[in-house]
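Order of the sequence lines fixes the chain letters, A, B, ..., with proteins taken first and strands second; residue numbering starts at 1 for each chain.
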Amino acid sequence: MPMLFMDLCKVLARIEKTSKRLEMMSLFQEIFQSDPNELVEDDEPIHDKLIYLCQGKLHPDWHGMPELNMAKKMVLKATARAVGVSPSRITEILKKSGDLGNTMGYLKKKKQQSTLFGKEEPMTITTTWNELERIANATGENSQSKKMRILSGILARCSPLEAKYIGRFIESKMRLGMADLTMIDAISRIFASDDEQQKECKAILERGYNIYPDLGTIVKKAFIEGMKSIKQISPVFGIPIRPMLAQRLEASAGFIDKHGGSFAAEYKLDGERLQIHKDGKDIILFSRRLENITNQFPDAIRLIQDCIKPVQAILDAEIVAINPETGKIDTFQVLMQRKRKHDIAAFMQEVPIRIYIFDAMMLDGRSLLEEPYLKRREIVENSIDDEKCDGNIVAVEQSIINNHDELIAFFERAIMEGTEGLVTKSIAPDSTYQPGARGWLWIKLKSLADGKLPDTLDLAIIGVNWGEGRRAGRFGSFFLGAMNHETGNLEMITKVSSGITDELADILYNDLNTVEDIPPNVISVEQPDKWVIPTMIVEIAGDQVTSSDGSTTGFSIRFPRILRLRKDKKIEDISTVDDIKQMA
DNA sequence: TGTGACTGCCC
DNA sequence: ATTCTGC
DNA sequence: GCAGAATGGGCAGTCACA
């Protein structure tokens, strides 16, 4: 008897209830410690599907399978149809509950009470997964109604609890308080009988996942073929490695301490992370989130074929846009125009690219993950054929830093050359490549103050959106406006969410004067859930002023965050559109 | 045939 | 991307 | 400090519909 989707949902509901990690893990283990017959359906083990359903995804990103292409708005419409409630009414409920899944469960329950039909055939793990895959596979003309029909069908036959997690899955927001790493931790406990063994199993699973980033397959393999099979996984051509990440440090003072003395520093370029896989003439490119982006960059493929010396390699790099007029590095916004499927040839001319390589994870079949940083850096430098590449593939600018002054000098040089700042890297012998880890071996330095804008901005709150999940029932984000002195209007510049603490949310919940209609003198293209009579002012940091079609001012802020409330400021004192224009 | 709503993925 | 929070 | 969750600007692609 295969496991029912309802059985999984019951466990998920219990996991969601607790915030204690040990309890979550022990509940999660129950799923995989069921009667062995339950973990097989149609002669196929279902461990992988169980994991995917818990992760809110059908496949790992790098498989290139179609996405659901269905999210909040379409789920809302489909739900409206299935339960016979108007979309506007559902929107209203949703604003209050802050959770699409909960809303669907609630509506389903109400609907059930008013109907007398018996239950249909219950959904199993596999049938549920198959139905969701049908949604993903619907493409082309009429596909939106087809997706909604399939979802309506699921909702017609499922229970309120199942409806809840179907909704969560489609939104890709499982909200279990438990994700990949905690799942690995939990699974490792099944394979271990004591603490030491558990640590070892966890390390093996994590390593396996980091170099074969498909948790469903890893867990299935562990159960079917044993932990030994996970140990044998190694970095290979065509399978992306989870990229190593850097921590962030605000000031420049902590770097010597964190690195324990001298360290390396590299320019941090404002482009797109690029993981290069080369095997002879075969090249595959992966993005930071492990999407296969090979087709976007035929020019990069050619460069790599011509200029990378090793036959087989996996390299870590940043790809940036080059301004064809000036030959200088162009902005991230320009590079993003290369994120396309059509007119690729034309945009290769319009937005040429350059590749900055900064690490090597595999060389001629041999894993370099355990090699120290300096050794890997040397391999990077030796891998590039400088004569052939004409400066289009380069090792990223690097320097060894011995003291604070050198760090500042190198940072300022980096900024002068139009980069985002520096990534500093430990040069200790144990400075290995740690896939997936955001540890302190790598630290990024983006500015010496908070935010990279020369100044912070003081902007007025002109609107609010309700929050979801953890922020349900409170504000999730604020619409912020700047003063246009020529017209006397407050023009919307950006929304902001980062920096809202529970405390700030509470204060503003009481102090903001929300209204239904847009106040006079407020100008905004986008519509918030509620307008606000502008009296409250917040101080904002950001990294850049961007050129924006979404704002009447033509400007917005990249990475906006709230620093503090400015109760001392008056509307007349806030930043002006001209102030912002001058920072662009 | 053009446009707006929606979605996914870069940062 | 940034930031906050519970463990 | 880790892991997870909630949110930002802005790009292209797709589909529905006028």
Is the NZ or CZ atom of A/K258 both under 6.0 Å from the centre of the six-membered ring of A/W440 and within 45° of that ring's axis? yes
What integer distance in Å separates A/I562:CD1 from D/dT7:P? 13 Å
Give me the residues of residues 492-501 of chain A where at least one heavy atom lies under 4.0 Å from an atom of DNA chain B, by number, or none. none
Between A/I443 (CD1) and D/dG1 (P), how many Å, whole number? 10 Å
Separation of atom CD1 in A/I15 from atom C1' in C/dC7, rounded to whole Å: 17 Å
A/D502 has a side chain; which of C/dT2, D/dG13, C/dT5 sits nearest to it? C/dT5
Check this one for me: any side-chain N or O of A/R470 less than 4.0 Å away from OP1 or OP2 of D/dA5? no
Taking only the side-chain heavy atoms of A/E291 (C-beta and beyond), determine which of D/dA16, B/dG8, B/dC10 contains the nearest atom. B/dC10
Given A/M244 and A/D359, is the side chain to side chain contact (heavy atoms under 4.5 Å, CB included) satisfied, shown in steps? CA-CA 10 Å; A/M244 183 164 173; A/D359 219 318; 5.7 Å; no
Considering every strand and a 4.0 Å limit on heavy-atom distances, what is the contact class for A/G140: base, sugar-phosphate, or nothing? sugar-phosphate
With no hydrogens and no angle check, just 3.5 Å: does a side-chain donor-acceptor pair link A/S551 and A/T553? yes
Look at the aromatic rings of A/H259 and A/F255 and report parallel, tilted or perpendicular, splitting at 30° and 60°. tilted
Can you tell me how the ring of A/W466 sits relative to the ring of A/Y509, calling it parallel under 30°, perpendicular over 60° and tilted otherwise? tilted
In terms of relative ring orientation, are A/H277 and A/F286 parallel, tilted or perpendicular, with 30° and 60° separating the classes? perpendicular
Side chain of A/R289 only, please: which of C/dT2, D/dG1, B/dC10 is the nearest? B/dC10
Side-chain N or O of A/Q337 versus OP1/OP2 of D/dC11: is the shortest distance under 4.0 Å? no
Of D/dG13, D/dC15, C/dC7, the nucleotide closest to the side chain of A/K341 is D/dG13
Within the structure shown, what part of the strands sits under 4.0 Å from A/K57 by heavy-atom distance: base, sugar-phosphate, or nothing? nothing
Within this structure, what is the CD1-CD1 distance for the pair A/I462 and A/I523, rounded to the nearest 0.5 Å? 9.5 Å
A/F479 and side-chain contact (heavy atoms from CB on, under 4.5 Å): which single residue from A/L459, A/N465, A/I461 fits? A/N465
Would you indicate, yes or no, if C/dT2 has its OP1 or OP2 atom less than 4.0 angstrom from a side-chain nitrogen or oxygen of A/K446? yes
Nucleotide nearest A/K339 when distance is taken to its side chain, options B/dC11, D/dC15, B/dG8: B/dG8
Measure from CD1 on A/I557 to C1' on D/dT7 and round the result to the nearest Å. 16 Å
Polar side chain donor-acceptor pair, A/D579 to A/T576, under 3.5 angstrom: yes
Atom-pair distance (CZ on A/R471; C1' on D/dG8), nearest Å: 11 Å
B/dC10, OP1 or OP2 - any side-chain N/O from A/Q296 closer than 4.0 Å? no
Give A/N142 one of three labels, base, sugar-phosphate or nothing, depending on what nucleic acid heavy atoms sit under 4.0 Å from its own. sugar-phosphate
Check DNA chain B against residues 69-80 of chain A and give the residues with a non-hydrogen atom under 4.0 Å, in numerical order. A/N69, A/M70, A/A71, A/K72, A/K73, A/M74
Shortest side-chain distance from A/W440, nucleotide among B/dC11, D/dG4, D/dG1: D/dG1
Please determine if a side-chain N or O atom of A/K258 lies less than 4.0 Å away from the OP1 or OP2 oxygen of D/dG1. yes
Stretch residues 164-176 of chain A: residues that reach within less than 4.0 Å of DNA chain C through a heavy atom: none
Below the 4.0 Å mark, does D/dA12 have OP1 or OP2 next to a side-chain nitrogen or oxygen of A/R340? yes
What nucleic acid atoms does A/I293 come within less than 4.0 Å of, heavy atoms only: base, sugar-phosphate, or nothing? sugar-phosphate
Counting side-chain heavy atoms from C-beta on, which of D/dT7, D/dA16, B/dC11 comes nearest to A/E468? D/dT7
Length of the line joining A/Q544:CD and B/dC10:P, which is rounded to integer Å: 19 Å
I want to verify a distance call: between D/dG10, D/dG13, B/dG8, whose nearest atom is closest to the A/T546 side chain? D/dG10
Rounded to the nearest 0.5 angstrom, the CG-OG1 distance for A/D270 and A/T419 is 9.0 Å
For A/L335 and D/dA12, give me the distance from atom CG to atom P, rounded to whole Å. 11 Å
Round to a whole Å and report the spacing from CG of A/D543 to P of C/dT2. 6 Å
Please pick, from C/dC7, D/dG1, D/dG10, the nucleotide with the shortest atom-to-atom distance to any side-chain atom of A/S548. D/dG10
Do you see a donor-acceptor pair shorter than 3.5 Å between the side chains of A/D180 and A/Y209? yes
Between atom NZ of A/K77 and atom CD1 of A/I90, what is the distance when rounded to the nearest 0.5 Å? 12.0 Å
What's the verdict on side chain to side chain contact (heavy atoms under 4.5 Å, CB included) for A/F297 and A/I344, showing C-alpha distance, side-chain angles and the deciding distance? CA-CA 8 Å; A/F297 297 108; A/I344 290 173; over 6 Å; no
May I ask you to evaluate whether A/R558 reaches the phosphate of D/dG10, defined as a side-chain N or O under 4.0 Å from OP1 or OP2? no
Close aromatic pair by centroid cut-off 6.0 Å: A/W62 and A/Y212: yes
